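Working notes, beginning with the structure itself.
Whatever order the structure lists ligands and atoms in, that order sets their numbers, starting from 1. Remember, it's a predicted structure, so these values are computed and weren't measured experimentally.
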Amino acid sequence: MASEPLVVGVDFGTLSGRAVVVRVRDGAELGTAVHEYRHGVLDRALPDGRPLPPDWALQVPQDYVDVLKNAVPAAVAAAGADPADVIGIGTDFTACTMVPVKADGTPLNELPEFAGEPHAYVKLWKHHAAQGQADRINALAERRGESWLPRYGGLISSEWEFAKGLQLLEEAPAVYAAMDHWVEAADWIVWQLSGTYSRNACTAGYKGIYQDGYPSPEFLKELNPDFAGFVADKLDHPLGRLGDKAGTLTAEAAAWTGLPEGIAVAVGNVDAHVTAPAARAVEPGQMVAIMGTSTCHVMNGDVLREVPGMCGVVEGGIVPGLWGYESGQSGVGDIFAWFVDHGVPPEYHERARERGISVHELLTELAAEQRIGEHGLIALDWHSGNRSVLVDHELSGLVIGQTLATRAEDTYRALLEATAYGTRVIIDSYTDAGVPVTELVIAGGLVKNALLMQIYADVLDMPLSVIGSEQGPALGSAMHAAVAAGAYPDIRAAAGAMGSVERGVYQPIPGNVEVYERLFVEYQELHDHFGRGANEVMHRLKALRRAAKGEK
Ligand SMILES: Nc1ncnc2c1ncn2[C@@H]1O[C@H](COP(=O)(O)OP(=O)(O)O)[C@@H](O)[C@H]1O
Ligand SMILES: O=C(CO)[C@@H](O)[C@@H](O)COP(=O)(O)O
């Protein structure tokens, strides 16, 4: 292979990290490799067996470094590339995955005195145990009329930096006191690569409530007097713009990755947001849905509007010069996986095994044989709470319409449909707020499920475009590496040369659209009934569960 400049992108997902080697000239993906996190998600117990309460989700930072040590060299080898041709590395992470660290970046769980302390571990994005703190943040912000609240659709999520930080303070004051920085894993990994702590503007804006400044010390003091210094003491740090160079690869990280010391390391970024340029969706109205464990919806706009229940709007949050909007569904593939693991009888598993396909594929095949509405079910997709538009992680899942004739494929199909209705609620909220969605581009692992895609096209009554890459986030990260290395002047230019999309791959089918329109009306009724206060049964059940388990 003739020598050409290459870049490496690394996508840190919920369960694994994926590296891809990309040609700078045209975005060709030459080699890729995945490394599963050894500890996965700690949602039941710490590595030493100490049990965790419900709604907790922790990780072990060393697992991220193992991705650098394993997936990066494996991707370079798979590409048959000469590491000397690599001019930069870029990374993206799940967002608001938070690492408590000492001043030198050492995670607190690596200190012997905190090894058995849950709060010293990484709080993964889907750690949902800070809902109480989020509720207090929201109530106080509303009462004080905080100007930043509408930028987050009127509600701050329990997934975010302030709710998780306040939980840390209130439940483990000693850990909070020992922590020098409360760091996004997106920035921690860049710190490991470059030796420099650079806080990326994307997570600071969306997850760290940074809008022309952070929430004031007075606000924080009212939440909890000991929280007054949270921003100044634990959070605040110079911001790095997306596509900037955070620093250069250290000798240690060069040894881990096999890449040349001194190459550009891009400022950290978020899995969802880097995917927009990878899908060439950098113009206003082009929404990208990154569908996997969860779904993130990101879109640029040329106007600032307050969209109810959005995760946030940040200037330059996706590409410089435009308002970047984000919404999301906390559970999508996760819900399908839960059903496969806990709701599907053994004979289906057996059949799938015999045929050498996954249970997802088997259920999808069976569900595809049905006419719309045939299963007689409607589900609410809140098994992991609701991130948009209700922003409430105390909500839970529901399937209505079950009878003795209901089969696993019926419920599976109802769950697929429920997530499509959830997306429709989000898209409608943008349109109603004056930021219309003109195109939906699908990225992420779920794109492979053609039935799911057709359901989305029909429920949304919208053609679906599909990203040209199977590793959208990793490609997007590689593009940011190319910009950081100076190969392109900005991310738009890199998107034009290196991104790819196939337009109109799934078209709505008029007869289907009509039936789904009727079913969506039913979904919306259930959505508002259980989600907007008419019936608080989901909250009461969670409270009962907590009481039964002897928790606060
Ligand atoms: N054929 C399928 N149909 C629907 N969902 C699937 C299928 N295969 C896997 N999944 C779900 O996809 C999710 C993984 O998506 P992926 O994009 O690979 O991961 P991540 O979001 O962690 O990057 C899992 O939650 C899994 O349950
Ligand atoms: O929260 C965000 C983006 O803001 C995501 O990082 C989070 O939903 C995780 O996404 P995945 O489902 O792991 O791809």
Ligand 2-proximal atoms of [X], by part, heavy-atom distance under 4.0 Å:
X      : answer
Arg387 : side chain
Lys126 : neither
Cys296 : side chain
Asp271 : side chain

* Among the heavy atoms of Leu446, does any lie under 4.0 Å from an atom of ligand 1? ->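 A heavy atom of Leu446 does come that close to ligand 1.
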* Within-shell test, Trp338 vs ligand 1, heavy atom, strictly < 4.0 Å ->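 No.
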* **Interatomic spacing from OG1 in Thr94 to CG in Asp11 - rounded to 0.5 Å** =>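 Atom-to-atom, Thr94:OG1 and Asp11:CG are 9.0 Å apart.
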Just checking [X] against [Y], ring centres under 6.0 Å apart?
X      : Y      : result
Tyr516 : Phe520 : no
Tyr206 : Tyr152 : no
Tyr37  : Tyr64  : yes
His237 : Trp182 : no

* To do: Using a strict 4.0 Å cut-off to heavy atoms of Glu326, name the atoms of ligand 2 that fall inside it.
  =>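 Those qualifying, in numeric order: 3 (C), 4 (O).
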* Could you tell me which atoms of ligand 2, counted from 1 in the order shown, lie closer than 4.0 angstrom to a heavy atom of Ala95? =>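 Selected atoms, number and element: 1 (O), 2 (C), 3 (C), 4 (O), 5 (C), 6 (O).
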* Asked: Does Arg151 pair with Glu315 as a salt bridge, N-O distance under 4.0 Å?
  ->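 No, Arg151 and Glu315 are not salt-bridged.
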* Asked: Are Tyr456 and Asn449 linked by a side-chain donor-acceptor pair shorter than 3.5 Å?
  ->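 Tyr456 vs Asn449: no donor-acceptor pair found between side chains.
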* Without hydrogens or angle criteria, can the side chains of Glu439 and Ser465 be said to hold a donor-acceptor pair below 3.5 Å? ->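 Distance-only check passes for Glu439 and Ser465.
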* Asked: Short check: is a protein heavy atom less than 4.0 Å from atom 19 (O) of ligand 1?
  ->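 For atom 19 (O) of ligand 1 the answer is yes, since some protein heavy atom falls inside 4.0 Å.
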* Asked: Has Gly13 got any heavy atom lying under 4.0 angstrom from an atom of ligand 2?
  ->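 No, that is not the case, since the closest heavy atom of the residue is not under 4.0 Å from the ligand.
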* **Enumerated ligand 1 atoms positioned under 4.0 Å from heavy atoms of Phe336** =>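 Close to Phe336: 4 (C), 5 (N).
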* Just jot down the ligand 1 atoms closer than 4.0 angstrom to any heavy atom of Tyr412, in number order. =>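 Counting from 1, the qualifying ligand atoms are 3 (N), 4 (C).
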